[in-house]
There are 2 protein chains.
Amino acid sequence: MQKEHNLSKNQKIIFDLIDKSGGPMKAYSILFNVQKKGIKAPLQVYRALDKLVEIGKIHKIESRNAFIACQNSSCQISKATAFSICESCENVSEISNSKLSKYLSNFSDDSGMKYSKYNLEFFGLCKKCKSK
Amino acid sequence: MQKEHNLSKNQKIIFDLIDKSGGPMKAYSILFNVQKKGIKAPLQVYRALDKLVEIGKIHKIESRNAFIACQNSSCQISKATAFSICESCENVSEISNSKLSKYLSNFSDDSGMKYSKYNLEFFGLCKKCKSK
DNA sequence: TTATAAATGTTATATTATTACATAACGTTA
DNA sequence: TAACGTTATGTAATAATATAACATTTATAA
């Protein structure tokens, strides 16, 4: 199970916003949306985002510079992430596939590197966009 | 085999620089390094980078906002990329492991998405950094 | 050779993220 | 509860990354 973290005021405001949005959000869009709640500066947003990423409540979609709420309530949080991204509508979802995560978590090659973390992003067209 | 592309002047200058560096380079560091060759503006760099990415001569390391020369002369170029990144020394190398690439290229789940591309980044400590 | 696409040059600006510094709140434990 | 260390906050400035818009030139190929 996931460790409980007591989110601070800003962390909670920002997590709730991202979570409710249901998709990825960009930092400055978050900033815009929380200004009415007193969060005025980019750094306040980035600090909360950093912490939320660290504790696994959100993930960063690297190819999009965006942040999405973790949809994976258990296991290997933020050490092993996989996403599917529609290149047409930009819909993003977190893939939770135990075979895939096992395969990647156990992956090793002859480089001598010890892998402790990975991030995988799949791209393609989602169901809706395919049929257009 | 990789399709031959005749690089333009700027593309060639920038590709050669990245290739010779042997590692990932950031756009503005590239810009700094090619100013003596007459490339003066960020956009000139980004345009060449975009093209080089498109034809598979370089890849973008998304988590680092950096660009590295392709070390994989054949196969599935820029549709199927995997990297190992040392979180201590920031050394990056391209993983070419046919099992891994087959596994991921054939991956599908029940989302109904057709995946045409992926990017995987592994993080950890390289041999040298581990032993420090 | 002419039309079309690709690449270049230039300026300005948008977007994403961090540095630096000051203060406040929280949690522990003596 | 006082003192301490840690975490979070507030604010201003700025750094780093990336794109828009427009004019012109070069390469390609019909």
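Below, read A as the first sequence line, B as the second, and so on, with proteins coming before strands; counting in each chain starts at 1. Small disclaimer: the values here were computed from a predicted structure and weren't measured.
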Practice problem: Kindly determine whether B/Glu121 and B/Ser63 satisfy side-chain hydrogen bond (donor to acceptor under 3.5 Å, both in side chains), including the steps that lead there. | Solution: CA-CA 8 Å; B/Glu121 298 180 5; B/Ser63 67; 2.6 Å; yes

Quiz item: Is there a side-chain contact (heavy atoms from CB on, under 4.5 Å) between A/Leu104 and B/Leu120 once you walk through the steps?
Solution: CA-CA 10 Å; A/Leu104 293 175; B/Leu120 171 59; 3.9 Å; yes

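Between B/Asn10 and the phosphate of C/dG9, there is a side-chain N or O to OP1/OP2 separation shorter than 4.0 Å. For the OP1/OP2 pair of C/dA7 and a distance below 4.0 Å, the side-chain nitrogens and oxygens of B/Lys51 include at least one atom meeting the criterion. Contact between the side-chain N/O atoms of B/Lys40 and the OP1/OP2 oxygens of C/dT10 is found at a separation under 4.0 Å. Within the 4.0 Å cut-off from OP1 or OP2 of D/dT9, not a single side-chain nitrogen or oxygen of A/Gln44 is found. Taking side-chain N and O atoms only, A/Ser8 has no distance below 4.0 Å to OP1 or OP2 of C/dC26.
Put simply, NZ on A/Lys37 is 14 Å from P on D/dT9, counting in whole angstrom units. Separating the CD atom of A/Glu62 from the P atom of C/dT16 is a distance of 13 Å, rounded to the nearest angstrom. Rounded to an integer number of Å, the gap from A/Leu31 CG to C/dA14 C1' is 15 Å. Put simply, CZ on A/Phe32 is 15 Å from P on C/dT16, counting in whole angstrom units. One atom, CE of A/Met25, and another, C1' of C/dT15, lie 15 Å apart when rounded to the nearest Å. Across the protein-nucleic acid pair, A/Leu49 atom CG and D/dA8 atom P stand 13 Å apart, rounded to whole Å. Look at CD on A/Gln11: it is 12 Å from P on D/dT7, rounded to the nearest Å.
One end of the helix from C/dT1-D/dA30 to C/dA30-D/dT1 points its axis 40° away from the other end's axis, with each axis taken from 5 pairs and the angle rounded to 10°.
In this structure, a donor-acceptor pair under 3.5 Å is present between the side chains of A/Asp109 and A/Ser111.
The shortest non-hydrogen separation linking B/Tyr115 to B/Phe107 is CD1-O, 3.6 Å. The two residues B/Ala48 and B/Ile14 have their closest heavy-atom pair at CB-CD1, 3.7 Å.
Aromatic ring centroids of A/Tyr103 and B/Tyr103 lie under 6.0 Å apart.
A chain of hydrophobic side-chain contacts below 4.5 Å, direct or via other Ile, Leu, Val, Met, Phe, Trp or Tyr residues, connects A/Ile58 to A/Tyr46.
Between the side chain of A/Glu54 and the backbone N or O of A/Lys51 there is no donor-acceptor pair closer than 3.5 Å.
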Quiz prompt | Where protein sits on nucleotides 14-30 of chain D, one letter per nucleotide: B base, S sugar-phosphate only, - none, heavy atoms under 4.0 Å | solution = ---BBBBB---------

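Distance CG/A/Leu17 to CZ/A/Phe67: 13.0 Å, rounded to 0.5 Å.
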